[in-house]
Amino acid sequence: MSVREYNDAEENPVTDEEMEYILRCAQRAPSAGNLESWDVVIVTDESVKEELSDAAFGQEHIRKAPVILAVCANYVRSMSQYGERGILYAVEDASIAATYMMLAAHTLRLHTCWTGAFDDEHVSETLGLLKHARPVVLLAVGHGVLPEQRAERMDISEHIHEEYW
Ligand SMILES: Cc1cc2nc3c(=O)[nH]c(=O)nc-3n(C[C@H](O)[C@H](O)[C@H](O)COP(=O)(O)O)c2cc1C
C-alpha cells in the first residue's frame, strides 16, 4: 500500500540501523550480470526534500517523509558490459533494488511510496547526479498513516494469458 501521509518525521525518524537493513536487503536483489547497476542517494535534509518535492510537481509526501531514497539507474556500469541492452538492464536493476527496499521497509513496519512523477533534470541537478545516472524512483520512507481504503485492482484475469497472448 502506498502511504503518502507523513506527519511527524522528527518524532518518528528512520533509524540508522533500519536504513542499513533496507540497503543491505536491496543489495541482495538480483541484477543483470550481478553488476548491481543502481545507485541511491539518501536524502534527509529538509531543504533538499523541499527541492525534490518541487521537482516532483509539488508532491507533499516527498517533503514530509523523513527519508527519500532516490534510486538511480547506473548506465555506465551496465552498458560497459551489455551495450544498448544495458540501458534497459540498469532501469530493471534500479527498479528491483527499489522494490527490495520497499519490502525491507515493510518488514520493519515502515511505510513507503514509490514516486515516479518528477522532472528528471530537476532531480539530477538537485542531487548532483552524474550524467550516466538516471533517477528512476524517489522512494518515500517513514512511519506514515495508512490510507483508509486499499486501491482497487483490475481483475487478475486481465493480466493472464494462457500459453499464447
Ligand atoms: C512507476 C510508478 C510510478 C508511481 N508514481 C507515483 C507518484 O508520482 N506519486 C504517487 O503518489 N504515487 C506514485 N506511484 C504509486 C501508485 O500510484 C500506486 O502504487 C498505485 O496507485 C496503487 O496503490 P497502492 O500502492 O496503494 O496499492 C507510482 C507507482 C509506480 C509503480
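Just the heavy atoms: all of them, side chains too, but no hydrogens, waters or symmetry mates, feed the values below. Source: prediction; values computed, not measured. Order of appearance sets the numbers: ligands from 1, and atoms from 1 within every ligand.
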Quiz item: side chain to side chain contact (heavy atoms under 4.5 Å, CB included) with Val43: which of Leu138, Ile62, Ile68?
Solution: Ile68
Quiz item: N/O to N/O below 3.5 Å, does that happen between Thr115 and ligand 1?
Solution: no
Quiz item: Taking only heavy atoms of Gly116, which atoms of ligand 1 are found under 4.0 Å from at least one of them?
Solution: 3 (C), 4 (C), 5 (N), 6 (C), 7 (C), 8 (O)
Quiz item: Counting only N and O atoms by type, is there a donor-acceptor contact under 3.5 Å from the side chain of Asn12 to the main-chain atoms of Gly142?
Solution: no
Quiz item: What's the shortest distance from atom 1 (C) of ligand 1 to any protein heavy atom, and which residue and atom give it?
Solution: Trp114 NE1, 3.5 Å
Self-check item: Distance filter under 4.0 Å to Gln59 heavy atoms, resulting ligand 1 atoms
Solution: 7 (C), 8 (O), 9 (N), 10 (C), 11 (O)
Practice problem: Heavy-atom contacts with His61 under 4.0 Å: which atoms of ligand 1 show up? List them by number with element. | Solution: 11 (O)
Practice problem: Could you tell me the residue and atom name of the protein heavy atom closest to atom 23 (O) of ligand 1, and the distance to it rounded to 0.1 Å? | Solution: Ala151 CB, 3.5 Å
Quiz item: Is atom 20 (C) of ligand 1 less than 4.0 angstrom from at least one protein heavy atom?
Solution: no
Quiz item: Short question: side chain of Arg77, backbone of Glu36 - any donor-acceptor pair under 3.5 Å?
Solution: yes
Exercise. Write out the residue and atom name of the closest protein heavy atom to atom 11 (O) of ligand 1, then the distance separating them to 0.1 Å.
Key: Arg4 NE, 2.5 Å
Quiz item: Quick one: does His111's side chain have a donor or acceptor within less than 3.5 Å of a partner on Gly144's backbone?
Solution: yes
Quiz item: Taking non-hydrogen atoms only, is Ala117 closer than 4.0 angstrom to ligand 1 via side chain, backbone, both or neither?
Solution: both
Quiz item: What distance separates Arg153 CZ from Asp155 CG, expressed to the nearest 0.5 Å?
Solution: 13.5 Å
Quiz item: atom 18 (C) of ligand 1: which protein heavy atom is closest, and how many Å away?
Solution: Ser2 OG, 3.4 Å
Quiz item: So between Arg153, Glu60, Met1, whose heavy atom ends up nearest atom 27 (O) of ligand 1?
Solution: Arg153
Quiz item: Quick one: CG on Asn74 to CG on Asp39, what's the gap to the nearest 0.5 Å?
Solution: 4.5 Å
Quiz item: Between Thr44 (side chain) and Ile42 (backbone), is there a donor-acceptor pair under 3.5 Å?
Solution: no
Quiz item: Is there a heavy atom in Arg150 that sits closer than 4.0 Å to ligand 1?
Solution: no
Quiz item: Do Gln59 side-chain atoms and Ala117 backbone N/O form a donor-acceptor pair below 3.5 Å?
Solution: yes
Quiz item: Can you tell me if Lys49 uses its side chain to pair, donor with acceptor, with the backbone of Ala65 under 3.5 Å?
Solution: yes
Practice problem: Please say whether Cys113 places an N or O atom under 3.5 Å from an N or O atom belonging to ligand 1. | Solution: no
